2 protein chains.
Amino acid sequence: MRRGEALDYGVLDTLLGYSLRRAQNGLYLHFSKAASDPEITPQRYAALVLIDRNPGIGQTVLSEAMGINRSGAMRLVDWFEARELAVRISQSQDARRWGVKLTPQGKKTVATMTEAVREHDAALTALLGGDGETLKRLLDQLADLTNRASSIAKVSDET
Amino acid sequence: MRRGEALDYGVLDTLLGYSLRRAQNGLYLHFSKAASDPEITPQRYAALVLIDRNPGIGQTVLSEAMGINRSGAMRLVDWFEARELAVRISQSQDARRWGVKLTPQGKKTVATMTEAVREHDAALTALLGGDGETLKRLLDQLADLTNRASSIAKVSDET
DNA sequence: TATTGTTATACTCTATAACTATA
DNA sequence: TATAGTTATAGAGTATAACAATA
């Protein structure tokens, strides 16, 4: 970011949202360094973990779990299939429903990356001293609040 | 996000980075609701504030202040100029340097939005109880740590 | 009629690389 | 040679809108 070049950041310095964006950008960059495979982005890693822990997960459920559109989950699974990290399997009862599960190679990828990601995350937490847990708790709180759609709009309408 | 549908989130539940992403996604979505103009994204708003507070700012400096590539700053300024929110002005001494400043319309946009954004941010802070300040402090700390660490390579290239 | 998977399309954000003009 | 601005291009992430097959 290279702050402090006699530049005036105005209201940005006071905004929670701006701090959040800066922190996330920093973390995003760090992720690729920590990850063993540079092509596995944070989003892809998250999807792989979800599929790994919930084999046979439907693609609509996956998209909802990740908070993205269905089409985005399609794209992710397409990408995994092209690299033979996951496969679509037809689920018996409902011919509309397809399940996704990891290939052995996909499982290996997740396992390898999880180790690296855990170390990375632990290092970050350590850098924050004892406040890592506090930060995580507040972030989760914030995410829950904003995801509970109407709450923010209501509050800012009232003020 | 619709968590808790008997879905196993695995290691994601323990990762600071994942909490950060969830929180940021939530905030990003709410920004457009708080903003008076849906086309002014968080990034564009940040750029407008920086130009407003630093009239005549060079586009390379702008890009560095925002932590993005120079080409990204070009695109932003192009977008502002097309909507007559900002103009490029030639700076006297160095014919290579161009300054960017807001038009009256741009200034009005920033002022209007800043009010809405401030209210939105205050509402978030209020929802977090007394912990808003703590969260912001920890995020800034995290951003500084990650930016410092990831700029080591850059710095040694520059020197 | 509603849902799952899918495709097409588009926009935001970001990056790399190469170019032009100037220093 | 170095820097400021620029253009071209690409890829990640996300969304909307439509469609087919199935329920």
Side-chain angles (χ1 to χ4, degrees), chain A residues 1 18 21-22 24-29 31-32 35 37-47 56-83 86-100, chain B residues 1 21-22 24-32 35 37-47 56-83 86-100 150 153-154 157-159:
Chain A
M1 185 67 66
Y18 190 68
R21 175 185 161 273
R22 286 213 315 141
Q24 215 235 352
N25 277 11
L27 241 67
Y28 197 100
L29 290 174
F31 187 95
S32 30
D37 184 343
E39 278 209 309
I40 306 292
T41 61
Q43 189 207 27
R44 285 172 185 156
Y45 173 69
I57 188 174
Q59 291 165 81
T60 297
V61 174
L62 178 62
S63 74
E64 284 169 353
M66 297 186 66
I68 62 175
N69 193 274
R70 277 184 303 156
S71 61
M74 301 298 118
R75 272 205 351 159
L76 281 167
V77 176
D78 284 348
W79 194 90
F80 293 146
E81 271 204 329
R83 279 150 192 85
V87 286
R88 289 175 168 93
I89 48 175
S90 90
Q91 307 278 57
S92 44
Q93 305 105 328
D94 187 336
R96 289 174 308 181
R97 298 189 64 106
W98 286 73
V100 184
Chain B
M1 184 65 69
R21 175 184 161 274
R22 285 213 316 141
Q24 215 235 353
N25 276 13
L27 241 66
Y28 195 101
L29 289 175
H30 274 270
F31 186 95
S32 31
D37 183 344
E39 277 210 310
I40 306 292
T41 60
Q43 189 208 27
R44 285 172 185 156
Y45 173 69
I57 188 174
Q59 291 164 82
T60 297
V61 174
L62 178 63
S63 73
E64 285 170 353
M66 297 186 65
I68 63 175
N69 194 273
R70 276 185 302 156
S71 60
M74 302 297 120
R75 273 206 352 159
L76 280 167
V77 176
D78 285 347
W79 195 88
F80 293 146
E81 270 204 329
R83 279 150 192 84
V87 286
R88 289 175 167 94
I89 48 174
S90 90
Q91 307 280 56
S92 44
Q93 304 106 326
D94 188 335
R96 289 173 307 182
R97 298 189 65 106
W98 286 72
V100 184
S150 68
K154 266 190 198 167
D157 281 354
E158 283 165 5
T159 43

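A quick note: this is a predicted structure, and the numbers were derived from the prediction, not measured. Protein chains get the first letters and strands the later ones, always in sequence-line order, with residue 1 at the start of each.
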Inset, instruction - Could you check how far CH2 of A/Trp79 sits from C1' of D/dA12, rounded to whole Å? - result: 11 Å

Inset, instruction - For B/Glu39 and C/dA10, give me the distance from atom CD to atom C1', rounded to whole Å. - result: 13 Å

Inset, instruction - Measure the CZ-CD distance between A/Arg97 and A/Gln59 for me, rounded to the nearest 0.5 Å. - result: 10.5 Å

Inset, instruction - State which of D/dT7, D/dA23, C/dC13 makes the closest approach to the side chain of B/Asp78. - result: D/dT7

Legend entry - B/Arg96 vs A/Arg88, nearer the 5' end of DNA chain C by closest nucleotide: A/Arg88

Legend entry - Residue A/Trp98, side-chain heavy atoms: nucleotide from C/dC13, D/dT22, C/dG5 that is nearest: C/dG5

Inset, instruction - Write down the distance between CG (A/Asn69) and C1' (D/dA17), rounded to a whole number of angstrom. - result: 10 Å

Inset, instruction - Identify the two heavy atoms, one from A/Ala86 and one from A/Val100, that lie closest to each other, and give their separation to 0.1 Å. - result: CB-CG1, 4.1 Å

Legend entry - Side chain of A/Pro42 - closest among D/dG13, D/dG5, C/dT4: D/dG13

Legend entry - Heavy-atom donor-acceptor pair, A/Arg83 side chain to A/Trp79 backbone, under 3.5 Å: yes

Legend entry - d(CD1, B/Ile57; P, D/dA4) in whole Å: 13 Å

Legend entry - Side chain of B/Gln59 - closest among C/dT7, D/dT6, C/dT22: D/dT6

Legend entry - For the student: nearest non-hydrogen atoms of B/Ile68 and A/Arg21, plus distance: CG2-NH2, 4.3 Å

Legend entry - Distance below 4.0 Å between A/Arg44 side-chain N/O and D/dA12 OP1 or OP2: yes

Legend entry - Nearest to side-chain heavy atoms of B/Gln43, which nucleotide of C/dC13, C/dT4, D/dA4: C/dC13

Legend entry - A/Arg21 side-chain N/O to C/dC13 phosphate OP1/OP2 under 4.0 Å: no

Legend entry - Atom pair distance, as rounded to whole Å: CG in A/Leu76 and P in D/dT14: 8 Å

Legend entry - Nearest-nucleotide pick for A/Arg70, side chain only, options being C/dG5, C/dA15, D/dA15: C/dG5

Legend entry - Nearest listed nucleotide, side chain of B/Arg75, among C/dT6, C/dA23, C/dC13: C/dC13

Inset, instruction - For A/Met74 and C/dT3, give me the distance from atom CE to atom C1', rounded to whole Å. - result: 12 Å

Legend entry - Atom-to-atom span, CD1 of A/Ile40 to P of D/dA12 - whole angstrom: 11 Å

Legend entry - Minimal non-hydrogen separation, B/Gln24 against A/Gln24, with atom names: OE1-OE1, 2.8 Å

Inset, instruction - Taking only the side-chain heavy atoms of B/Ser71 (C-beta and beyond), determine which of D/dT6, C/dT16, C/dA21 contains the nearest atom. - result: C/dT16

Legend entry - Atom-to-atom span, CD of B/Glu64 to P of D/dT3 - whole angstrom: 11 Å

Legend entry - A/Ile68, nearest nucleotide to its side chain (from C/dT14, C/dG5, D/dT14): D/dT14

